**Student:** 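Okay, handing you the structure first.
A quick note: this is a predicted structure, and the numbers were derived from the prediction, not measured.
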Amino acid sequence: MNKDLVVKNIEKEFAQGEQAHKKGNEGMVRVCARRAAGVAIAYWLESHRRDGWGIDTMNQLRNLQLD
């Protein structure tokens, strides 16, 4: 995964989250934050392999918390 693309995708999620916040849609804000975190974790996992972390963002977040 290209670092510039990763940053662009994270910024896109942050922008969507900001728009959702302005509309009072806090659920979508959390979704955007999780998706942004998932992009960052996936990029990090490319150079820091962890067996059993899977591709699901929530599973990755839980494993990151435990790590």
Side-chain angles (χ1 to χ4, degrees):
M1 193 180 309
N2 178 304
K3 183 179 178 180
D4 292 334
L5 181 58
V6 169
V7 171
K8 182 178 178 181
N9 287 337
I10 291 171
E11 288 174 345
K12 179 183 128 195
E13 292 298 339
F14 285 167
Q16 287 178 333
E18 186 175 347
Q19 290 301 314
H21 177 69
K22 288 178 182 176
K23 293 177 182 177
N25 188 348
E26 297 305 311
M28 182 55 71
V29 173
R30 289 188 297 275
V31 168
C32 292
R34 282 192 299 268
R35 287 193 303 224
V39 171
I41 292 169
Y43 179 71
W44 181 78
L45 283 173
E46 286 183 1
S47 60
H48 300 86
R49 289 280 176 221
R50 298 291 192 268
D51 291 334
W53 279 37
I55 59 171
D56 175 77
T57 300
M58 289 305 296
N59 188 44
Q60 292 171 343
L61 284 168
R62 286 185 200 104
N63 283 304
L64 182 63
Q65 179 184 20
L66 294 172
D67 191 25

**Student:** I'd like to know if the side chain of E46 and the backbone of M1 have a donor-acceptor N/O pair within less than 3.5 Å.
**Tutor:** yes
**Student:** Counting only heavy atoms from other residues, nucleotides and ligands, does the tally under 6.0 Å from CD of Q65 exceed 12?
**Tutor:** no
**Student:** Please check if V29 and F14 belong to a single hydrophobic cluster, counting links between Ile, Leu, Val, Met, Phe, Trp and Tyr side chain heavy atoms closer than 4.5 Å.
**Tutor:** no
**Student:** Closest approach of G52 and N59, non-hydrogen atoms and distance?
**Tutor:** O-ND2, 3.5 Å
**Student:** What's the verdict on side-chain contact (heavy atoms from CB on, under 4.5 Å) for K22 and Q19, showing C-alpha distance, side-chain angles and the deciding distance?
**Tutor:** CA-CA 5 Å; K22 288 178 182 176; Q19 290 301 314; 4.0 Å; yes
**Student:** Closest approach of C32 and G17, non-hydrogen atoms and distance?
**Tutor:** SG-N, 3.6 Å
**Student:** Report whether M58 and L64 are members of the same hydrophobic cluster (ILVMFWY, side-chain heavy atoms less than 4.5 Å apart, transitive linking).
**Tutor:** yes
**Student:** Check R50 against L45 and note the closest heavy-atom contact, atom names and distance.
**Tutor:** CG-CD2, 3.9 Å
**Student:** Any side-chain heavy-atom pair from H21 and E18 closer than 4.5 angstrom?
**Tutor:** no
**Student:** Is E26 salt-bridged to R30, cutoff N-O under 4.0 Å?
**Tutor:** no
**Student:** Which residue is it: N2, N9, V6, L5? I am looking for the one with a side-chain contact (heavy atoms from CB on, under 4.5 Å) to Y43.
**Tutor:** V6
**Student:** Side chains of I10 and E13: does their closest heavy-atom pair fall under 4.5 Å?
**Tutor:** no
